[in-house]
Asker: 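Pasting in a structure now, in structure tokens, and then I'll have a few things to ask.
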Amino acid sequence: MNCSKKFFLISLIATALFAGCAMNSDPGIPGDPVTPLNPRTYPDDINPTISSKASTSLDYIFNLSSIGHTKITIRRSEWNKMLSYYDYFYKNENNVIAESYEYEKDGQTWSLKEVGLRLRGNTSRFRPQGKDDPYDEVGNRQMNADWSQDYYNYAATCSDNDYRQSHFKIDFEPYSNDDRKMSNCMKGVALKRPDNYFSKEIFCYYLFHQYGIWTAPRASETTVEIIFKEDIDTNGAKIEDLSSCSETKVRFGVYEMFEEVNKQSLKARSKSNSNNSADNAWANNNGDLWKCCGDLTISGSTPDRFGVEQIEILNTDKPKSQWSHVWNSYKYDLKTNKTNLAAARNTFLTFIRELDALKSTDADTPAGINARKAFYEKWFDVDFFIKSYAVNMLLGMDDDYWGNANNYYLYFGKNSEGITKCYFIPFDYDNTLGSSITGDKVYTDPFKWGYKDGEKKDRPLMDRLLEVPEYRLTMRDALLLVSSQASDSPWNRDKCIAWWLKIKEQVDPFTAEADLTGWPNKAELSFYDSGSWKQDKHYMLQIQDNLYEQVSNSFEYWLKDDWDRTISFDPNGGKFVLNNNVITDPLVKEYDIDSLDLNKILGTEPIRENHIFLGWTKTKNGTDYQTRYMGESGLKLYASWKEITDTASIDQYLDFWGNLNHIKINIQATDNGLIMVTDKLNNGANVDVELIDETASNLSIIGINEFHRNNRNDASQSTTLLYPYVEAGHIYNVKFVYDYNDTNSVSTKVKATGGKGNLYFNFDSYTYNTADNSVTFTNLKQNIIPCPGVTNLNPNFTDRNDNHRVYMFSDGLWNSSNPENVNWSLRWKFIEGSSNTIKFYNQGTWSGDPLDCNLDSGIESWSSDKAHLSMYVGYEIDEETAPGNRIHLRKYFFDKTIR
């Protein structure tokens, strides 16, 4: 790989660091980073206006039929000042004074005096001349240092006269007291060093405009020449009279030139100030423009992450020893209306809070769908937003909101009807067209765009949008439209190749003449069709393996099939009861949304007397249990049943200490209760047995005991348990659980033929205090067997808001006359969210002498929006009917879903 290619490939590689904007807790408004020394007007400017409509002038300046030519004249002393700024604090946004900026295009010339010049770039900023170091003088490490080691090895020993391409920004107004715009349409321009195609980002913005996405910036190619006025004499003194200074001209080659996203670009797109005839064009440029690198979640959008960026070196008019710097950047950086930050932030936070509130409604219900539609129709032109994002995915952009929470603008402004809407503005499309930061996006399912390493990221703006079946269909249609290979499609292979050949023809005469001896050298600054830097190549100019058809074929593979699908459910001897109506054969018409919980589609499970519902299978007697609908067209599923009898068995494997071990248990109902016998329980396992009465209408009994296998070498040792306190005719769910983990369990059901009746703890009432989330129980009672000595039970639960900490304790669990053969226990069980993951399980036990038991335990940082907490008290007692076997009985006193 030659040096240039390697440099550009490496500089494209990125990680989530791209989105890692530094944050400052102070959202205050900084001062202007550049204060004009001598504000003045410039009557000598040559500044022709192409049209009274800014958009027409911009179309002329950025037209792609020819290449532009840029000249920047600057004193050597000012250039050296810019280099010194970079060495001190590489991220600075301080301007230096360039004597003039000239731009020539198609016979028109603009020449503006005394403009601001600075370096730019987030992860791609380099020193444009001489030696470079990955650390600046204040100790910041370059964000690109990890993937640019070859460059820094070169730059450590290069000549001081080596020039190299860097990103530049030109500002027309910092030293002027006029509202100074080039051709009355631009307050500045960005110059970006290209890759070996010279126009990848230009091509992306061209495609956006071809598809009618008028919010996208404009861009075109330009040559760049910098003319240095050598105003430093041999003694190091500055020469004031420029007429006596010699000149050094350095041709920096071909650059990509971009229209900046700012208040002026908003004006050029507003209906009242441009020729923008789009129905959804905004009325004016008075709204709030935000540059964003955040995920739009509540947790990632706290008020301190909104502000007005200030990244500059202070006291530059003093000796360097007195310099200091400030680096205040924000996830959400306000670019307009900076003096009204609080109001702008409130609008943005309202948007985010309304978006967050949608997750509290079930997306599989009409109410949930309607809530989502109401949000998007309030804030967006939905079709336009979806089409914008379809083009984004067509171009392979994953350093974006959905993929990396990065590189996008949001504009909250009034549309032509005076209604405030939110507009998505695409930005920074260098990691595109087969060269993506999270993998080869050419073959990615578009509806999993935000996945990384198979894991779905939390991107609520896209997640909630695509939970609406209508919007998913709109997105699918938009993706198929923009990726079409029809002859009139902008993405048509032949049209795109012709575009690139025209670009190559324009830039080739100017690439070889660059006066760059540094990195990369001028011989490598040439247009070549290298293909993407992924393993599977995608080419821009070649018929074979061309990017355009590969993307089109990929989209067709994922999207072209019939999305209007049906799924039917056969209860197979059972029945559905929905809204008190029996439905024997439900047919559900469902849009493909990757996968749906089958029970959410139906709203219920089928029922059948004296049978257990096992799940859904594709055949009547099958065992291929289906839990989710994966989008198969015409799918029919059958309910699978197991008859509940007075005998049952478990013969399975559970995960004991990371190893799958055999558990075999037989269950039989007798006149004395339920007897359970195991003849397989390997490796010293202790397995909890939970017994739940599913027939009792009010209070269910939950029994617990343990099978013990203390002899690791004797896998055939038998253990027998007796549960006498069951009732004839009742159906009991018997669950065997290892390590308190419900996901590591097996269960079955059995009907009791006899027993001694209910056994439970009971209470008359409880008080729930909403102020501190505490619960107090009164008149604790018991049935069948006395509950000796319990005089007070006051379990308390608090959910402190700091870091989602759960704190649990019991107060005054008092046993005044405890028999020696009774062991009491108190247990807390904490289950997080819908995943049913047990995050915390603890117990306190006591026996014998009177004891005041206080259990003080907690769990921190549970991230789910919901959780389930249960507490039970129980005791173990030697049972006379089964000497040597313990029965542990428990009753849930606190069983509540929180948050």
Side-chain angles (χ1 to χ4, degrees), residues 1 5 8-9 12-14 194-211 213 216 386-400 402-404 426 429-454 475-504 527-561 563 592 594:
M1 183 184 296
K5 182 177 178 182
F8 288 119
L9 302 192
L12 287 171
I13 298 172
D195 64 5
N196 54 280
Y197 284 103
F198 285 87
S199 297
K200 284 181 68 174
E201 196 162 355
I202 296 170
F203 178 72
C204 292
Y205 294 139
Y206 162 78
L207 258 294
F208 272 111
H209 284 278
Q210 288 293 299
Y211 286 112
I213 310 303
I386 289 175
K387 189 175 183 182
S388 299
Y389 228 98
V391 178
N392 177 86
M393 289 188 280
L394 175 77
L395 299 170
M397 170 62 157
D398 63 348
D399 190 17
D400 63 343
W402 199 355
N404 204 27
Y429 277 69
D430 51 0
N431 287 302
T432 52
L433 302 174
S435 299
S436 305
I437 68 167
T438 59
D440 194 337
K441 286 296 184 180
V442 171
Y443 303 121
T444 296
D445 179 352
F447 287 97
K448 294 183 179 179
W449 199 257
Y451 284 58
K452 183 176 182 180
D453 299 327
M475 177 65 83
R476 181 202 66 168
D477 293 343
L479 288 165
L480 291 173
L481 171 68
V482 299
S483 63
S484 169
Q485 283 297 313
S487 60
D488 60 346
S489 170
W491 191 248
N492 172 269
R493 178 200 68 189
D494 295 337
K495 291 178 69 172
C496 291
I497 290 176
W499 189 94
W500 283 106
L501 289 173
K502 177 67 174 176
I503 295 297
K504 184 177 187 302
F527 188 108
Y528 62 96
D529 190 13
S530 63
S532 65
W533 46 269
K534 296 298 178 185
Q535 183 176 359
D536 295 324
K537 292 293 187 181
H538 317 293
Y539 294 94
M540 303 296 175
L541 282 76
Q542 300 179 25
I543 299 294
Q544 184 176 356
D545 296 329
N546 70 86
L547 173 76
Y548 322 106
E549 289 179 315
Q550 288 179 333
V551 171
S552 298
N553 292 339
S554 175
F555 280 12
E556 184 170 1
Y557 170 81
W558 291 109
L559 306 171
K560 196 67 173 180
D561 58 345
W563 270 36
D592 178 6
D594 292 333

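What's counted below: heavy atoms across the whole structure, side chains too, no hydrogens, waters or symmetry copies. Just so you know, these numbers come straight off a predicted model, no measurement behind them.
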Asker: Check the pair Lys200, Trp500 against side chain to side chain contact (heavy atoms under 4.5 Å, CB included), reporting the backbone distance first and the verdict last.
Answerer: CA-CA 9 Å; Lys200 284 181 68 174; Trp500 283 106; 4.2 Å; yes
Asker: Is it true that Tyr451 and Asp445 share a donor-acceptor pair across their side chains at a distance under 3.5 Å?
Answerer: no
Asker: Answer yes or no: is there a donor N or O on one side and an acceptor on the other, between the side chain of Asn553 and the main chain of Gln550, under 3.5 Å?
Answerer: no
Asker: Within this structure, what is the CG-CG distance for the pair Leu479 and Leu394, rounded to the nearest 0.5 Å?
Answerer: 8.0 Å
Asker: Pair Leu207, Trp499 - check side chain to side chain contact (heavy atoms under 4.5 Å, CB included), show working.
Answerer: CA-CA 11 Å; Leu207 258 294; Trp499 189 94; over 6 Å; no
Asker: Parallel, tilted or perpendicular: which describes the rings of Phe203 and Trp491, with under 30° parallel and over 60° perpendicular?
Answerer: tilted
Asker: Looking at Ser484 and Ser489, what are the two nearest heavy atoms and their distance?
Answerer: O-OG, 2.7 Å
Asker: Would a 4.5 Å heavy-atom cut-off, applied to side chains only, mark Pro426 and Asn392 as touching?
Answerer: no
Asker: Can you see which heavy atom on Gln542 is nearest to which on Ile497, and at what distance?
Answerer: O-CD1, 4.0 Å
Asker: Would you give the length of the straight line joining atom OH of Tyr548 to atom CD1 of Ile543, rounded to the nearest 0.5 angstrom?
Answerer: 9.5 Å
Asker: Identify the heavy atoms of Val482 and Ala390 that sit nearest to each other, and give their distance.
Answerer: CG2-O, 4.0 Å
Asker: Which heavy atom in Pro446 sits nearest to a heavy atom in Leu559, and how many Å separate them?
Answerer: CG-CD1, 4.2 Å
Asker: Provide the closest heavy-atom pair for Ser487 versus Lys495 in the form atom of the first, atom of the second, distance.
Answerer: O-CD, 3.3 Å
Asker: Return the set of residues passing ring pair (Phe, Tyr, Trp, His ring centres under 6.0 Å) with Tyr429 (not counting sequence neighbours), or none when no residue passes.
Answerer: Tyr205, Phe208
Asker: Ignoring hydrogens and geometry, is there a side-chain-to-backbone donor-acceptor pair from Ser483 to Phe555 under 3.5 Å?
Answerer: no
Asker: For a 4.5 angstrom cut-off between non-hydrogen side-chain atoms, does Met397 reach Asp399?
Answerer: yes
Asker: Can you confirm whether Glu201 sits close enough to Thr432 that some side-chain heavy atom of one is under 4.5 Å from a side-chain heavy atom of the other?
Answerer: no
Asker: Determine whether Met475 and Met393 make a side-chain contact, defined as any pair of heavy atoms from C-beta on separated by less than 4.5 Å.
Answerer: yes
Asker: Apply side chain to side chain donor-acceptor pair (under 3.5 Å) to Gln485 and list each qualifying residue two or more places apart in sequence or on a separate chain.
Answerer: Ser552
